[in-house]
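Okay, so here's the structure we're looking at.
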Amino acid sequence: MTVTTGADVALVRRALEVARGAATTGDIPVGAVLVDADGVELAAACNAREATGDPTAHAEMLALRAGAARLGTGWRLSGCTLAVTVEPCTMCAGALVAARVDRLVFGAWEPKTGAAGSLWDVVRDRRLNHRLEVHGGVLAEECAALLTGFMRLRRP
């Protein structure tokens, strides 16, 4: 059983702030924040698929890219934690494994596409060379409400 810390809650709250920025471009409001082992924010991003026309511009992917660039030590993000408002999809989960991120903290579960325990569990698959510590459901209701409100406006 995993225990949610005050730091995890604060990270998801920060990811919620970032997610709200997606509203300006019509993107689904998902936010991600990458911090180092000391809790220093390296990068924050919201979904930008609509804004950029890039199908890989998920909040998680953008935060990983920006965080790696900021660290300047290559592609490995060992010691880092990614906080995101919704459970990552398979693409993002695979990127977390490939980047060697240590921890994943997320808000809303995503039973249709989630790859951190819902539909799949890519981030903890024992067949892979790296596994993450996962804390899901942090501020789940608040994160889900942001998505539900967006969907109601888009699909009345």
Side-chain angles (χ1 to χ4, degrees), residues 2-25 27-37 39-52 54-71 75 77-125 128 130-151:
T2 59
V3 178
T4 301
T5 67
D8 291 344
V9 171
L11 282 173
V12 174
R13 282 200 196 290
R14 172 72 177 120
L16 276 164
E17 286 175 28
V18 174
R20 290 183 180 97
T24 60
T25 61
D27 277 286
I28 296 171
V30 174
V33 177
L34 183 71
V35 297
D36 68 13
V40 175
E41 186 174 309
L42 300 172
C46 62
N47 274 357
R49 291 185 311 170
E50 299 296 329
T52 63
D54 177 356
T56 69
H58 289 202
E60 300 95 322
M61 300 294 284
L62 297 172
L64 292 175
R65 288 179 194 141
R70 179 164 177 203
L71 280 175
W75 55 267
L77 296 172
S78 300
C80 291
T81 296
L82 183 81
V84 63
T85 56
V86 67
E87 181 182 4
C89 69
T90 53
M91 174 183 69
C92 296
L96 289 166
V97 170
R100 309 297 194 274
V101 171
D102 283 357
R103 298 179 70 242
L104 168 65
V105 179
F106 68 87
W109 293 91
E110 177 45 84
K112 293 181 182 178
T113 62
S118 286
L119 185 58
W120 296 289
D121 200 352
V122 172
V123 296
R124 291 180 287 202
D125 190 319
L128 299 176
H130 179 73
R131 285 169 292 288
L132 283 70
E133 179 183 325
V134 177
H135 298 269
V138 178
L139 300 177
E141 290 179 15
E142 194 173 337
C143 292
L146 183 62
L147 292 168
T148 302
F150 173 80
M151 293 302 177

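- By the 4.5 Å heavy-atom criterion applied to side chains, Arg100 and Leu77 are not counted as neighbours.
- Here the CG atom belonging to Leu64 is positioned 5.5 Å from the CG atom belonging to Leu82, to the nearest 0.5 angstrom.
- Scored by the side-chain contact (heavy atoms from CB on, under 4.5 Å) test, Ala115 finds Thr90, Ala93, Trp120, Val122 as partners (sequence neighbours excluded).
- With rounding to the nearest 0.5 Å, the separation of CG in Leu132 from SG in Cys80 is 11.0 Å.
- For Asp102, the side-chain hydrogen bond (donor to acceptor under 3.5 Å, both in side chains) criterion is met by no residue, not counting sequence neighbours.
- Listed for the Glu133 side chain is no donor-acceptor partner under 3.5 Å among the backbone atoms of Arg103.
- The side-chain hydrogen bond (donor to acceptor under 3.5 Å, both in side chains) contacts involving residues 59-69 comprise Thr56-Arg65, where partners must be two or more places apart or lie in separate chains.
- Distance CG/Leu104 to OG1/Thr81: 9.0 Å, rounded to 0.5 Å.
- Residues satisfying the side-chain contact (heavy atoms from CB on, under 4.5 Å) criterion with Ala51, sequence neighbours excluded, are Thr25, Asp27, Ala48.
- Nearest heavy atom pair, residue Cys46 against residue Gly21, reads SG-C, 3.9 Å.
- For the salt bridge (charged side-chain N to carboxylate O under 4.0 Å, His left out) test, residues two or more places apart in sequence or in another chain that qualify with Glu17 are Arg14.
- The two residues Met91 and Pro55 make their nearest non-hydrogen contact at CE-O, 4.3 Å.
- At distances below 3.5 Å, at least one donor-acceptor pair connects side-chain atoms of Asn47 with backbone N or O atoms of Ala59.
- Judged by distance alone, the side chain of His130 and the main-chain N or O of Val101 form a donor-acceptor pair under 3.5 Å.
- From Met61, atom CE reaches atom CZ of Arg49 across 12.0 Å, with rounding to the nearest 0.5 Å.
- A side-chain donor-acceptor contact under 3.5 Å links Thr85 to the backbone of Gly31.
- For the atom pair Cys92 SG and His58 NE2, the distance stands at 5.5 Å (nearest 0.5 Å).
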N/O donor to acceptor pairs below 3.5 angstrom from side-chain atoms of residues 141-148, sequence neighbours left out:
{"unit_1": "Glu142", "atom_1": "OE1", "unit_2": "Arg13", "atom_2": "NH1", "d": "3.3"}
{"unit_1": "Thr148", "atom_1": "OG1", "unit_2": "Ala144", "atom_2": "O", "d": "2.9"}

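- In this structure, the side chain of Arg124 engages the main chain of Ala116 through a donor-acceptor pair within 3.5 Å.
- Each of Leu16, Val35, Leu34 was evaluated against Leu11; a single residue qualifies, Val35, per the side-chain contact (heavy atoms from CB on, under 4.5 Å) test.
- Pairing each heavy atom of Val18 with each of Ala44, the nearest pair is CG2-CB, 3.8 Å.
- Shown here are the side-chain contact (heavy atoms from CB on, under 4.5 Å) partners of Asp125, two or more places apart in sequence or in another chain: Arg127, Leu128.
- Heavy-atom minimum distance, Ala22 versus Pro29: CB-CA, 3.8 Å.
- Although no hydrogens or angles enter the test, the distance criterion places no donor-acceptor pair under 3.5 Å between the side chain of Glu41 and the main chain of Val33.
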Could you list the donor-acceptor pairs under 3.5 angstrom formed by side chains in residues 106-114, with sequence neighbours left out?
{"unit_1": "Glu110", "atom_1": "OE2", "unit_2": "Lys112", "atom_2": "N", "d": "2.9"}

